[in-house]
Number of protein chains: 2
Amino acid sequence: MTITIKDVAKKANVSIATVSRIVNNKPGYSKETEKKVLEVIEELGYHPNAIARGLISKRSHTIGVLVPKLSSMLMSEFISGIENIAHQFGSSVIICHTESNGKKTMQYLELLREKQIDGIIFSSEVLTEEYYQFMKKMDVPIVLLSTVSFDYPVPYVRVDDQHAAYTATEYLIKKGHRNIGMISGTKEDVVAGQPRIDGFTQAMDRNKLPVTNNIVAAPGFGYEDGKEAFKQLITQNPDVTAVFAASDELALGVISTAYQMDIKIPDDLSVIGYDNVSLAEMSIPPLTSVGQPLSTMGEKATEMIFEMINTNQSVESRIFPHEIVERQSVKELKKE
Amino acid sequence: MTITIKDVAKKANVSIATVSRIVNNKPGYSKETEKKVLEVIEELGYHPNAIARGLISKRSHTIGVLVPKLSSMLMSEFISGIENIAHQFGSSVIICHTESNGKKTMQYLELLREKQIDGIIFSSEVLTEEYYQFMKKMDVPIVLLSTVSFDYPVPYVRVDDQHAAYTATEYLIKKGHRNIGMISGTKEDVVAGQPRIDGFTQAMDRNKLPVTNNIVAAPGFGYEDGKEAFKQLITQNPDVTAVFAASDELALGVISTAYQMDIKIPDDLSVIGYDNVSLAEMSIPPLTSVGQPLSTMGEKATEMIFEMINTNQSVESRIFPHEIVERQSVKELKKE
DNA sequence: TTGTACGCGTTATCAC
DNA sequence: GTGATAACGCGTACAA
C-alpha cells in the first residue's frame, strides 16, 4: 500500500489541493496549514509519485541517450557529463547501447517513445532518414553528440574532425616528420572516417608531402584493428617515421605491434592518437593525443536539450575546440 | 497533440475498452473489429503511453543501477550486461553514478523512488544502514553487484575476492616467486580492500613466505594510485620479484613506474592485475590478470531482479568463478 | 486561504 | 463480443 496525497489530506484535515500546493510550493495556503501538512507528510512518509505527475505534466523528466556499444571509453566520458547535467535538472537518463545495429536502435527508439522521454541525445552512427523521421514524429528535442546528420536540421555538439586531424598531422610535420602514416577509420564512416582522412591529406598536401601509400583504413577503431592496420602500414611503407591514429585504441595497437617488432616509440616511430581518453596517459610511453573535451561536450549537449525543452525552440550547434595533449609518444625528428 | 486510445476508439467506432483489449491481446473481440481497429491504429500512428500504463499497473518497467563514478572500466562492462537483459525483459535502465559520495547516493535513491522503479542493482560502496533502510522502505527488489552488505538479507552477485586474491598470489608463488609485493586497496574497504589482502597473506602464510613490508595500501584503484604505491613498495622492499595489484589500473601504474625506473617487465619484475578489463590486453606487455566474468555477472544480477519481481520472493546469491588470464606480464622465476 | 471537481491515458470490472 | 465507468495519483481551474 503506497501512501498517496489523499492519505495526507485526510489525516491533515485538508483537501488534496492544499497538500498539492504545499508540496509544489504554489502559493495559496497559510503558515499553519503548511506546518501541519508538512508534519503529516513526514509522519506518513509521503513521497509524490512521478508517474502520476508525468501523466499530467506530460513530462517524464527523463532523457534518452543512444550510444554505440563499441568505443565505450569515449562514451563513458560523454555519459558522465550528460548524467551530471541531467541530474542538475532533476531528470534521469536512460542509456541505450545500440551496438550500431539498425534494428536494435529502432527498438530502443520505440521504447523511448513509450516512456514519453523529454529529449534525445543521439550519439550513435549517422542520423539516417529512418531514425530522423521516427524521432521527428516523437516531437521531442534532439541533439547530436559527436555525430552528423545529412540534411536534417538537428543541432549538434562535436569537434571539427577534419580540422583536428589537420592539426594532428601538422603537429607531426612541425616536429620534422615527412613520411607520416595514418591509421584511419573507413571512408564510409562520414563522422570519424573520411573527415579525418581529409584533414590528414590536406595537411600533407599543403606541406607538399606526398600521400601515396600512407593511409591504411582499419575496419574499426579498436585495439586489434590498430595492430592489424599497423602491420599493413609498415609493410607497404617501411620508412614511416610517424603515425597518426584515428583513435587512442588504434594508437595503442600500433604501439603494441611496434613494440613486438622492436620498433622503439618514440625513438624509431612517433605516434599520435585521437580522443585523449584516460587510456592515453596509461600507455607506455604515455600517448600524445588529440584531445576532445568529452565530458564538457556531454554536458553541453544536455544543456541544449533542456534549453530546447524549456524554450520550445531550437538552439545553435556547437563546435568544440580540440587540442594536442603532448605526452611522450612523439619525438622531434632531427633534420639531416 | 499526442493521439490517445480515445482517438482510436472514436475513429474506429468502438469503445476504448475494446481498443485496449486489442492492444493488449486480451480476449473479447471479433476478428473484424480487430482488423478495423488495427487499421485505425496504423493510420493514426497510435502508441500506448507507458506512463499512463504504469500508473495503473504500478510498474514502471525501469530499473535503477547505482554505480560509483570511479572505476568506469569495470562498470561499463557490468552495465553492458545489465542493459542487455533488462532490454530483453522490456525494461529500461537508469544509471546513477554515485561518485561514492553518500549525499549524492541518497539523492539518487530519492529520484529512483519518485520514478517508481521496479528494482535496484546496487553496485557502489558498501550497503550501509542508511541505504538499506531507505531501499527497504521503497519495497522493491534489490541485488548487490560486486558488493557486500553487513547484516542485511540482500542477495548478491560477486566473485570470492579473498579466494581470487589467494589464487593470484599462489599463481605467482608457483611461478617461483618468493618475495611478492601487493598493491592493495585500503583496509577500510571491506569489498575490494581487506578481502584481497587476506587472500594474499593467506597464500603467503600457507607457503611459509614472510609478509613484512610487502603490502602497500593505495588510497584508490586508479593508475596514479598504482604509480605512487609502487614507488613506495620498491623503496621499502627493493627485492620484490613480483607484484599483485588489486586492480588492472593499479597494475598499469606499477608497470609504468617500473618502466621509468628501467625495471623490465616481466624480466625483472612480474605483475598480475585484477579484473581483467579490456585495458589489460592493451598493456605492454599484455597484463596477466585475475578475470571476473563482468558482463555475465551484470546479466545474472539483472535476471535475479526480474525473478524477484515476478515471483515476489527472494533469490539465492551467486558467487561467480574467477580465473587467471595469462598474458605476458608474469615470468617464471628460475630456481637458484 | 481553501475545497470541489475534472482530466491526464490507461486498465479492469462490471453490466449488457 | 462490447461498452460504460471507476480507478490509478496527481495538478489545477474554478468556486467559495
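So that the names make sense, note that chain A is the first sequence line, chain B the second, and so on, each numbered from 1. Everything numeric in this text was worked out from a predicted model, so none of it was measured.
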From CG of A:Asn24 over to C1' of D:dG11, roughly how many Å is that when rounded to an integer? 7 Å
Measure the distance from CG on A:Asn49 to P on C:dT10 and round it to the nearest whole Å. 17 Å
Students often mix this up, so state it plainly: with edges at 30° and 60°, are the rings of B:Phe122 and B:Tyr131 parallel, tilted or perpendicular? tilted
Look at the side chain of B:Lys6 and decide which nucleotide, out of C:dG3, C:dG9, C:dC8, has an atom nearest to it. C:dC8
5' priority, DNA chain D, between B:Ser30 and B:Ala52 [closest heavy atom]: B:Ser30
Looking at side-chain heavy atoms only, is the closest gap between B:Ile82 and B:Val93 below 4.5 Å? yes
Start with the C-alpha gap between A:His97 and A:Tyr108, add the side-chain angles, then the distance that decides, and say whether ring-ring contact (aromatic ring centres under 6.0 Å, His included) holds. CA-CA 9 Å; A:His97 283 281; A:Tyr108 267 124; 8.4 Å; no
What I want to find out is whether B:Glu39 reaches B:Lys35 closely enough, with some N-O distance under 4.0 Å, to be called a salt bridge. yes
Mind calculating the distance between CG (A:Asp7) and C1' (D:dC8) to the nearest angstrom? 13 Å
Side chain of B:Ile16, heavy atoms from C-beta onward: which of C:dC8, C:dT10, D:dG3 has the nearest atom to it? C:dT10
Would you say A:Arg53 reaches D:dC10's phosphate, i.e. side-chain N/O to OP1/OP2 under 4.0 Å? no
Can you tell me if A:Lys58 touches the phosphate of D:dG11, counting only side-chain N or O atoms and a distance under 4.0 Å to OP1 or OP2? no
Report the distance from atom NE2 of A:His61 to atom P of D:dG11, rounded to the nearest whole Å. 11 Å
Contacts of A:Ala17 and A:Thr2 projected onto DNA chain D by closest heavy atom; the upstream (5') one is A:Thr2
When you measure from the side chain of B:Thr18, which nucleotide among C:dC8, C:dT10, D:dG3 comes out closest? D:dG3
Just to confirm, is there a sub-4.0 Å distance from OP1 or OP2 of C:dT1 to any side-chain nitrogen or oxygen of A:Thr33? no
Over how many whole Å does the gap from A:Asn13 atom CG to C:dG3 atom P extend? 9 Å
Among D:dG3, D:dT5, D:dG9, find the nucleotide with the atom closest to the side chain of B:Val14. D:dG3
If I take atom NZ in residue B:Lys26 and atom P in nucleotide D:dG1, what distance separates them, rounded to the nearest angstrom? 17 Å
Under a 3.5 Å threshold, yes or no: a donor from one side chain and an acceptor from the other, between B:Glu114 and A:Asn49? no
Under 4.0 Å, counting only non-hydrogen atoms across every strand here, what does B:Pro27 touch: a base, just sugar-phosphate, or nothing? nothing
Axis-to-axis angle across the helix from C:dT1-D:dA16 to C:dC16-D:dG1, five pairs each end, nearest 10 degrees, ~ 40°
Using OP1 and OP2 only, check whether a side-chain N or O of A:Ser57 sits under 4.0 Å from C:dC8. no
Taking the side chain as everything from C-beta on, heavy atoms only, tell me whether B:Met106 gets closer than 4.5 Å to B:Phe134. yes
Contact under 4.0 Å: B:Thr4 side-chain N or O vs C:dG9 OP1/OP2: no
When the distance from CD1 of B:Ile51 to P of C:dG9 is rounded to whole Å, what number comes out? 11 Å
Which nucleotide wins on minimum distance to the side chain of A:Leu55, given the candidates C:dC8, D:dA4, D:dC8? C:dC8
Would you tell me whether A:Asn24 and A:Arg53 have side-chain atoms, one donor and one acceptor, within less than 3.5 Å of each other? yes
In plain terms, say whether A:Arg21 and A:Glu34 are close enough for a salt bridge, that is, a side-chain N and a carboxylate O under 4.0 Å apart. no
Between D:dC10, C:dT10, C:dT2, which one does the side chain of A:Ile5 approach most closely? D:dC10
For atom CZ of A:Arg21 and atom P of D:dT12, their distance in whole Å: 10 Å
